[in-house]
Amino acid sequence: MALFCRGLCRGTSLILLYGKRPVGVKASLCTPRLASTKSSSLWFVRHYSPSQARHGISRSVVSGLKWANEKYERFLQRRFPRFYVIYHTFMRGFRLLFQDGTDVRRIVACMLSEKTEYQNLPYRDMEKIRQVRRDLIKAIPLVILSVPPFANYVVFILMYLYPRQLLIRHFWTPQQLVEFQGVYHTQRAQHHWAIVKGLESTSTSVQDSRIKIRLLELCSKVRSGVHPVVSDVHAVRTLFSGPPLGVKRMYADQMRHLCPLLFLTPRLPAFWIGRRLNSHSLELMQLDRAIVRLGVHQLNDAELREACYMRGLNPDRLSPGQCREWLTQWLQFSTHLKESETSLYLHCMVLLTVNYPKHPRH
């Protein structure tokens, strides 16, 4: 009896392993059960692969983490509402930053595959690359500062105390965004009249009396609160492509007053400042041409205000219609400029913005 059971178990094992009944083992009442077990196990292996199992597990883990995170956010919102605002802003900032990184990677991949140059990209892609590059430049010092052990706690405190100086725009609340843009515009507006005064002082070195008179008239209009028209600016454009007002020919003090218009530091050597002013102005000119290709009417209100703000105008108290009107006028001026006239582009960030939306007087 023991030998019979041993042989039967051995045959059963062979059937499970190989799917065939060995010679000398007779079918018994256990055989249909073994066949059923075999077919069900093969069906399980066929329909539940390891990759599908891993995917199901990961999906369950993600859904569980999402549920726990939502419960945690509701707890913070109920018990610590002020901390919840900070927490929510940071989480939203990380999501936006990750989305920006994904978008830039997609844009760069398309540029490489289609061999497209930067200036030929659509406006929104060009603006995305420009903004992400500025954000990374601002974030690099903070990342380096947080490298030493336990320094991240100090960095977190500094980020809380000085959000405007240390954080990028993704980590600002909507109220902070409006407030900080107002602060930055106030800082650059402090240099407006110094730039106009620099133009008046430079007029003494202009040899052509006719152009000299027009430059002084333009400065006088701006000082008296009149918003000049594009033709007033084009009448003196030859002065800004070479001496005395070319971007690499003007006085160092004038260049340093122009730096805050583009949110650049003036604490650099003059030759370096001139190169940075020229490169940033060329980039904005390329963006202007991209807006013309797209059409001003295709920009939404947020994009419209951002475009005006980057070109020197404070859109806080302006309606979308006024922003669109000013940007249309600006594009009529900038799209006719040559690459050698970046200095005129920079000076018009004062001349064509400081008195808007006041109407010109004849």
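None of these values were measured; they are calculated from a predicted model. Nothing fancy with the numbering, it's 1 onward along the sequence.
One finds no salt bridge joining Arg130 and Glu283 here, because no Lys/Arg side-chain nitrogen approaches an Asp/Glu carboxylate oxygen to under 4.0 Å. Under a 4.0 Å N-O distance rule, the pair Asp232/Arg214 does not qualify as a salt bridge. Taking a cutoff of 4.0 Å between a charged side-chain nitrogen and a carboxylate oxygen, Lys197 and Glu200 do not qualify as a salt bridge.
At least one side-chain heavy atom of Ser281 sits less than 4.5 Å from a side-chain heavy atom of Leu262. Contact check for Thr353 versus Trp326: side-chain heavy atoms found under the 4.5 Å cut-off. Side-chain contact between Asn120 and Glu117 is present, with at least one heavy-atom pair separated by less than 4.5 Å. Contact check for Leu344 versus Phe333: side-chain heavy atoms found under the 4.5 Å cut-off. Between Phe271 and Lys248 the shortest side-chain heavy-atom distance does not fall below 4.5 Å. Side-chain contact check for Leu277 versus Thr342: every heavy-atom pair is 4.5 Å or farther apart. When side chains are defined from C-beta on, Asp288 counts as touching Arg311, because their heavy atoms get closer than 4.5 Å. Between Thr202 and Gln254 there is no side-chain heavy-atom pair separated by less than 4.5 Å.
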side-chain contact (heavy atoms from CB on, under 4.5 Å), that's the test. Do Tyr345 and Phe240 meet it? Break it down for me.
CA-CA 9 Å; Tyr345 190 95; Phe240 294 86; over 6 Å; no
For Leu331 and Ser334, what are the C-alpha separation, side-chain angles and deciding distance, and is it a side-chain contact (heavy atoms from CB on, under 4.5 Å)?
CA-CA 5 Å; Leu331 295 176; Ser334 67; 4.2 Å; yes
Side chain to side chain donor-acceptor pair (under 3.5 Å) evaluation trace for Glu325 with Tyr356:
CA-CA 11 Å; Glu325 177 189 11; Tyr356 189 81; 3.1 Å; yes
How far apart are the C-alpha atoms of Ile195 and Leu261, what are their side-chain angles, what is the distance that settles it, and do they pass the side-chain contact (heavy atoms from CB on, under 4.5 Å) test?
CA-CA 11 Å; Ile195 292 172; Leu261 302 181; 3.9 Å; yes
Run the numbers on Leu346 and Met349 for side-chain contact (heavy atoms from CB on, under 4.5 Å), then give the verdict.
CA-CA 5 Å; Leu346 291 170; Met349 292 178 69; 4.2 Å; yes
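Residue Ile140 is not grouped with residue Leu158 when hydrophobic side chains (ILVMFWY) are merged at heavy-atom distances under 4.5 angstrom, including chains of intermediate members. Two different hydrophobic clusters hold Leu145 and Ile137 under the rule that ILVMFWY side chains link at heavy-atom gaps under 4.5 Å. Connection of Leu166 to Leu96 is not established within any shared hydrophobic cluster, with ILVMFWY side chains joined at heavy-atom distances below 4.5 Å, either directly or through further cluster members. Phe90 and Leu136 fall into different hydrophobic clusters, where Ile, Leu, Val, Met, Phe, Trp and Tyr are joined by side-chain heavy atoms under 4.5 Å apart, directly or via other members. Grouping the Ile, Leu, Val, Met, Phe, Trp and Tyr side chains by contacts below 4.5 angstrom, directly or via other members, places Leu216 apart from Met250.
The heavy-atom pair separating His227 from Leu352 by the smallest distance is CE1-O, 3.0 Å. Of all heavy-atom pairs between Met255 and Ala270, the closest is CE-O, 3.5 Å. Closest approach of Trp172 to Gln176, counting heavy atoms only: CA-OE1, 3.4 Å. Between Arg169 and Gln131, the shortest heavy-atom distance links the atoms NH2-CG, 2.6 Å. Residue Val222 comes nearest to Trp193 through the heavy atom pair O-CH2, 3.7 Å, listed as atom of the first residue, atom of the second, then distance. Closest approach of Leu304 and Leu299 over heavy atoms only: CD1-CD1, 4.1 Å.
Atom CG of residue Leu258 and atom CD1 of residue Ile273 lie 10.0 Å apart, to the nearest 0.5 angstrom. To the nearest 0.5 Å, atoms OH (Tyr118) and CD1 (Ile107) are separated by 9.5 Å. Here CZ of Arg324 is found 6.5 Å from CG of Asp301. Values are rounded to the nearest 0.5 Å. Remark: Ile129 CD1 to Met126 CE distance equals 8.5 Å, nearest 0.5 Å. Between the CD atom of Gln298 and the CG atom of Asn300 there is a distance of 10.5 Å, given to the nearest 0.5 Å. Separating the CG atom in Asp125 from the CE atom in Met111 is a distance of 9.5 Å, to the nearest 0.5 Å.
A donor-acceptor pair under 3.5 Å links the side-chain atoms of His347 to the main chain of Ser343, judged by distance alone. A distance-only check finds no donor-acceptor pair linking the side chain of Tyr84 to the backbone of Arg78 [under 3.5 Å]. In terms of modelled atom types and a separation under 3.5 Å, the side chain of Lys138 and the main chain of Leu167 share a donor-acceptor contact. Panel note: side chain Arg305, backbone Pro315; a donor-acceptor pair is recorded below 3.5 Å. With hydrogens and angles ignored, the 3.5 Å screen pairs a side-chain donor or acceptor of Gln322 with a backbone N or O of Ser319. A donor-acceptor pair under 3.5 Å links the side-chain atoms of Arg293 to the main chain of Leu121, judged by distance alone.
Within a 6.0 Å radius of CZ in Phe263, more than 12 heavy atoms belonging to other residues, nucleotides or ligands are found. Heavy atoms of other residues, nucleotides or ligands lying less than 6.0 angstrom from CZ of Arg134 number more than 12. Taking a 6.0 Å sphere around CD of Glu339, one finds it holds 12 or fewer heavy atoms contributed by other residues, nucleotides or ligands. When the shell of 6.0 Å around CZ of Phe98 is examined, it contains 12 or fewer heavy atoms from other residues, nucleotides or ligands. Summarising the local packing, NE2 of His336 is surrounded by 12 or fewer heavy atoms from other residues, nucleotides or ligands at distances under 6.0 Å. Counting heavy-atom neighbours within 6.0 Å of Arg133 CZ, excluding the residue itself, gives a total above 12.
Taking the ring axis of Tyr309 as reference, the NZ or CZ atom of Arg188 stays within 45° of it and closer than 6.0 Å to the ring centre.
Between the side chains of Asp316 and His185, not a single donor N or O lies within less than 3.5 Å of an accepting N or O.
Residues that satisfy the salt bridge (charged side-chain N to carboxylate O under 4.0 Å, His left out) test with Glu303, not counting sequence neighbours, are Arg124.
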